[in-house]
Amino acid sequence: MAVQDVAGARAAAAGGADRVELCAALAGTGGLTPSAGMVAAVADALRGTGVGAHVLVRSRAGGFVPAPDEVDVQVRDVRAVLEAGADGVVVGALTADGRVDAATLAALVAAADGAEVTFHRAIDQVERPVEILETLAAAGVRRVLTSGGAARAGDGLDVLAALADRGRELGVEIMAGGGVRTEDVAALVAAGVDAVHLSARRTVSADGGPGGGGTGGYDVTDPAAVAAARAALDAALGATPGAAARSGAGRVAP
């Protein structure tokens with residue numbers, strides 16, 4: 001479950017999420033690295049719940065091809081968020097010609113120093129994502145967040161199924177995410193993915209006034225949407241033979 005603050009993390013945990021992905025500026029940028037203070041506060045809020053906090057490390061919007069200075073920042077951020085209490089990190093980097101940036105990924109995995117690493121939706125910009133899984137597994141990536149290359153995960157089922165099959169061979173979890181709606185969950189489970197990722201958010205109206213605070217309001221995690229997603233997942237796992245075994249007992253996750 002993607003969340004942006006302490007209240008969102010608490011709502012996700014109460015609604016049945018197994019993990020949260022903590023990020024900032026999700027709606028406007030697709031997600032950026034949250035502050036160390038936010039990471040520490042969310043880690044404190046989740047302590048004892050059994051819900052893991054995985055933190056997005058992405059220094060800017062506008063694609064996944066980092067400059068050398070940005071790689072340095074991301075390496076520092078990986079170390080900083082883990083020191084602040086994160087259970088894992090969510091990262092990704094591509095080369096200008098659309099391949100996985102193996103050198104940057106190696107640096108980020110090394111900075112994680114054994115903590116779980118998720119490769120984010122940068123994989124959806126790679127031409128042959130199933131083949132790329134072997135590279136990610138060899139680099140130490142634990143799971144991959146992907147829509148199957150589609151705008152919405154619900155439209156990428158065939159690729160997601162192929163990724164899930166290959167992921168099981170390599171020991172890499174496939175987490176379906178990207179525009180996921182409650183009504184998509186059953187089909188995603190049937191495709192064999194290991195986890196389902198969504199934000200379950202709604203917008204609260206607010207006016208920042210003339211000081212530059214913005215007039216578009218802000219997003220919050222909707223507890224009802226979290227509960228609906230959990231219920232849909234549980235129903236799908238109960239209705240699909242073998243799904244519980246494939247999905248690790250079912251996860252609403254980062």
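The side-chain contact (heavy atoms from CB on, under 4.5 Å) test applied to T135 returns no partner, not counting sequence neighbours. Checked against side-chain hydrogen bond (donor to acceptor under 3.5 Å, both in side chains), Q125 has no partners two or more places apart in sequence or in another chain. In this view, A61 and T29, R58 satisfy the side-chain contact (heavy atoms from CB on, under 4.5 Å) rule, not counting sequence neighbours. Contacts of A53 classified as side-chain contact (heavy atoms from CB on, under 4.5 Å), with partners at least two apart in sequence or in another chain: V20, V42, L46, D87. Applying the salt bridge (Lys or Arg N to Asp or Glu O under 4.0 Å) test to D219 and every residue at least two apart in sequence or in another chain returns R201. Residues passing the side-chain hydrogen bond (donor to acceptor under 3.5 Å, both in side chains) test with T95, sequence neighbours excluded: D97. With sequence neighbours excluded, the residues forming a side-chain hydrogen bond (donor to acceptor under 3.5 Å, both in side chains) with D184 are R152, listed by chain and number.
Every pair passing salt bridge (charged side-chain N to carboxylate O under 4.0 Å, His left out) that includes a residue from residues 34-44 is listed here, sequence neighbours excluded: D44-R47. Among residue pairs with one or both ends in residues 117-130, those qualifying as salt bridge (charged side-chain N to carboxylate O under 4.0 Å, His left out) are R121-D124, R128-E131; sequence neighbours excluded. Every pair passing side-chain hydrogen bond (donor to acceptor under 3.5 Å, both in side chains) that includes a residue from residues 103-112 is listed here, sequence neighbours excluded: D101-T104. The stretch residues 75-85 participates, sequence neighbours left out, in these side-chain hydrogen bond (donor to acceptor under 3.5 Å, both in side chains) pairs: D72-R76. Identified under the ring-ring contact (aromatic ring centres under 6.0 Å, His included) test for residues 17-51, with sequence neighbours left out: none.
Hydrophobic clustering of Ile, Leu, Val, Met, Phe, Trp and Tyr side chains at less than 4.5 Å, counting indirect connections, unites V71 with L82.
L136 pairs in a side chain to side chain contact (heavy atoms under 4.5 Å, CB included) with only one of the listed residues (I123, L170, T118), which is I123.
Checking side-chain atoms of E21 against main-chain N and O of V55 turns up no donor-acceptor pair under 3.5 Å. With H120 contributing its side chain and G92 its backbone, the two residues share a donor-acceptor pair below 3.5 Å.
Using a cut-off of 4.0 Å between Lys/Arg side-chain N and Asp/Glu carboxylate O, D18 and R230 are scored as salt-bridged.
The structure places OG of S147 at 7.0 Å from CG of L160, a figure rounded to the nearest 0.5 Å.
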